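Structure record follows, encoded as structure tokens.
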Amino acid sequence: MATAAQWIEGARPRTLPNAIAPVLAGTGAAASIDGAVWWKAVLCLLLSLSLIIGVNYANDYSDGIRGTDDDRVGPLRLVGSKLASAAAVRNAAIGCLALGAVLGLILVFTSAWWLLLVGAGCLAGAWFYTGGRNPYGYSGFGEIAVFVFFGLVAVLGTEFVQAGRAEWAGLACAIAVGAFSSAVLVTNNLRDIPTDSVSGKTTLAVRLGDTRTRTLHVVLLAVPFLATLALAARTPWALVGLVALPLALKANEPVRTGKNGPGLIPALAGTGLALLIWSVATGLALGLG
């Protein structure tokens with residue numbers, strides 16, 4: 001049986017910046033138009049965390065029963081390493097996603113009914129990333145889904161439920177956060193090209209190949225800083241987001257220097273840290289500016 005520490009590791013804590021960052025950025029965008037509602041921001045954060053942990057357990061379950069995780073280079077997987085039963089991990093995923101659904105319903109009832117459709121789409125996207133008969137994560141659409149759900153939907157949704165509307169600064173933040181989050185997944189999939197190719201998991205990295213995937217990582221990391229320049233039109237304080245640039249360059253270093261396998265693991269943590277610092281800095285700048 002898996003220990004508590006192994007369950008925590010199986011939740012993939014290094015991915016949590018992908019859940020925290022959109023709420024910070026979206027709340028900053030809402031505050032910039034005098035629309036921040038802090039209890040809703042807290043609900044959005046809890047919702048985002050429950051969904052990403054649910055997604056991580058769902059991926060662990062689905063990849064585990066397919067045998068995709070039988071020969072892994074990266075962090076621990078509960079089912080693939082046989083530390084927990086597939087049923088237990090599946091139930092953990094369902095529990096986290098159900099909690100997210102409850103939190104989402106509260107936001108729906110206090111905001112707009114059509115968000116129920118958005119929430120349903122998020123739950124479906126979470127499960128069918130690697131679950132179901134034809135998971136879209138196995139067909140190269142994972143990065144697009146991450147950009148949409150953890151970028152556009154999460155940031156603009158956070159702004160909307162608080163301010164009652166979303167506007168261009170929120171969109172710029174959403175594009176930036178989505179690009180960062182996609183870069184995290186690109187790093188992960190770059191590392192896993194050899195094993196994914198063997199197991200039949202045709203990620204975008206497998207489709208693009210090693211060299212073009214490394215180029216994509218650079219492009220995605222450049223996008224948030226272009227967004228920073230655009231956000232300076234809202235408030236010059238938004239330029240403080242450039243504080244994350246050295247972290248992004250450091251995160252890209254293992255990618256651009258040709259590291260493989262375990263050598264790419266620091267790039268995962270580094271990209272997530274750059275995402276978090278950019279979101280903290282930008283969210284505060286927009287809120288106070």
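All residue numbers in this chain count up from 1 along the given sequence. Note that the coordinates shown come from a computational prediction; the quantities given were computed from them, not determined experimentally.
Although no hydrogens or angles enter the test, the distance criterion places no donor-acceptor pair under 3.5 Å between the side chain of N252 and the main chain of A248. A donor-acceptor pair is defined here as one N or O able to donate and one able to accept, closer than 3.5 Å; such a pair exists between the side chain of D60 and the backbone of V79. Side-chain atoms of Q162 come within 3.5 Å of backbone N or O of V37 as a donor-acceptor pair. Under the 3.5 Å distance criterion, the side-chain polar atoms of S182 are matched with a main-chain donor or acceptor of E143. When atom types are taken as modelled, the side chain of R77 and the backbone of N59 share no donor-acceptor pair closer than 3.5 angstrom. Between the side chain of T235 and the main chain of L231, no donor-acceptor pair closer than 3.5 Å is present. Looking only at distances, no side-chain donor or acceptor of Q6 sits under 3.5 Å from a matching main-chain atom of E9.
Under a cut-off of 6.0 angstrom, the local environment of CZ in R14 is sparse, with at most 12 non-hydrogen atoms contributed by other residues, nucleotides or ligands. Dense packing is recorded around CZ of R256, with more than 12 heavy atoms of other residues, nucleotides or ligands lying under 6.0 Å away. Other residues, nucleotides and ligands contribute at most 12 non-hydrogen atoms within 6.0 Å of the CH2 atom of W38. Counting heavy-atom neighbours within 6.0 Å of W7 CH2, excluding the residue itself, gives a total above 12. Other residues, nucleotides and ligands contribute at most 12 non-hydrogen atoms within 6.0 Å of the CZ atom of F141. K250 NZ: 12 or fewer foreign heavy atoms inside a 6.0 Å radius.
By the 4.5 Å heavy-atom criterion applied to side chains, L276 and L24 are counted as neighbours. L107 is listed as a side-chain neighbour of C44, based on a closest heavy-atom distance under 4.5 Å. Side chains of V206 and N189 form no contact here, defined as non-hydrogen atoms less than 4.5 Å apart. Between L116 and L105, the closest side-chain pair of non-hydrogen atoms falls below 4.5 Å. Here the side chains of L45 and T158 are not in contact, with every heavy-atom distance at 4.5 Å or above. The shortest side-chain heavy-atom distance between I94 and R90 falls under the 4.5 Å cut-off. Contact check for V55 versus T15: no side-chain heavy atoms found under the 4.5 Å cut-off. Side chains of I33 and E167 form a contact here, defined as non-hydrogen atoms less than 4.5 Å apart.
Between W114 and F160, the two ring planes are tilted [angle within 30° to 60°].
From T202, atom OG1 reaches atom CZ of R207 across 5.5 Å, with rounding to the nearest 0.5 Å. Between the OG atom of S62 and the OH atom of Y57 there is a distance of 14.5 Å, given to the nearest 0.5 Å. To the nearest 0.5 angstrom, N260 atom CG is 6.0 Å from D210 atom CG. From I144, atom CD1 reaches atom CZ of F149 across 11.5 Å, with rounding to the nearest 0.5 Å. Atom OG1 of T228 and atom CG of L245 lie 9.0 Å apart (nearest 0.5 Å). Atom CG of L229 and atom CG of L239 lie 6.5 Å apart (nearest 0.5 Å).
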### Message
The test is side chain to side chain contact (heavy atoms under 4.5 Å, CB included); show your working for S111 and K40 and say whether it passes.
### Response
CA-CA 10 Å; S111 301; K40 287 189 176 183; 3.6 Å; yes
### Message
Please evaluate residues L51 and L97 with respect to the criterion side chain to side chain contact (heavy atoms under 4.5 Å, CB included), reporting the C-alpha separation (whole Å), side-chain torsions for both, the decisive distance (0.1 Å), and the verdict.
### Response
CA-CA 6 Å; L51 287 181; L97 295 177; 3.9 Å; yes
### Query
Passes side chain to side chain contact (heavy atoms under 4.5 Å, CB included), T27 versus V23? Steps please.
CA-CA 6 Å; T27 299; V23 178; 4.0 Å; yes
### Query
Taking it one step at a time, do L204 and T213 satisfy side chain to side chain contact (heavy atoms under 4.5 Å, CB included)?
CA-CA 8 Å; L204 181 61; T213 300; over 6 Å; no
### Task
Go through Y129 and D63 one step at a time and tell me if the side chain to side chain donor-acceptor pair (under 3.5 Å) criterion holds.
CA-CA 10 Å; Y129 173 56; D63 284 343; over 6 Å; no
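Note on D192 versus K201: no salt bridge recorded, every NZ/NE/NH1/NH2 to OD/OE distance being 4.0 Å or above.
Applying the side chain to side chain donor-acceptor pair (under 3.5 Å) test to S50 and every residue at least two apart in sequence or in another chain returns nothing.
Of all heavy-atom pairs between R191 and G261, the closest is CG-O, 3.3 Å. Contact between G200 and Y138 at its shortest, heavy atoms only, is O-CD2, 4.1 Å. Between P224 and W278, the shortest heavy-atom distance links the atoms O-NE1, 3.6 Å. Taking both residues in full, the closest heavy atoms of A244 and I277 are given as CB-CG2, 4.3 Å, listed atom of the first, atom of the second, then distance. Of all heavy-atom pairs between T271 and A183, the closest is CG2-CB, 3.9 Å. When all heavy atoms of F150 and V177 are compared, the pair lying nearest together is O-CG1, 3.4 Å.
Both L47 and L115 are part of a single hydrophobic cluster, where members link through side-chain heavy atoms under 4.5 Å apart. Cluster annotation: L284 is connected to V42 through the hydrophobic network of ILVMFWY side chains, with a link wherever side-chain heavy atoms come within less than 4.5 Å. In terms of hydrophobic clustering, with Ile, Leu, Val, Met, Phe, Trp and Tyr side chains grouped at heavy-atom distances under 4.5 Å, F225 and V155 are assigned to a common cluster. Under the 4.5 Å side-chain heavy-atom criterion for grouping Ile, Leu, Val, Met, Phe, Trp and Tyr, V184 is not connected to I20 through any hydrophobic cluster. A continuous path of ILVMFWY side-chain contacts below 4.5 Å connects L275 to L221, so both sit in one hydrophobic cluster.
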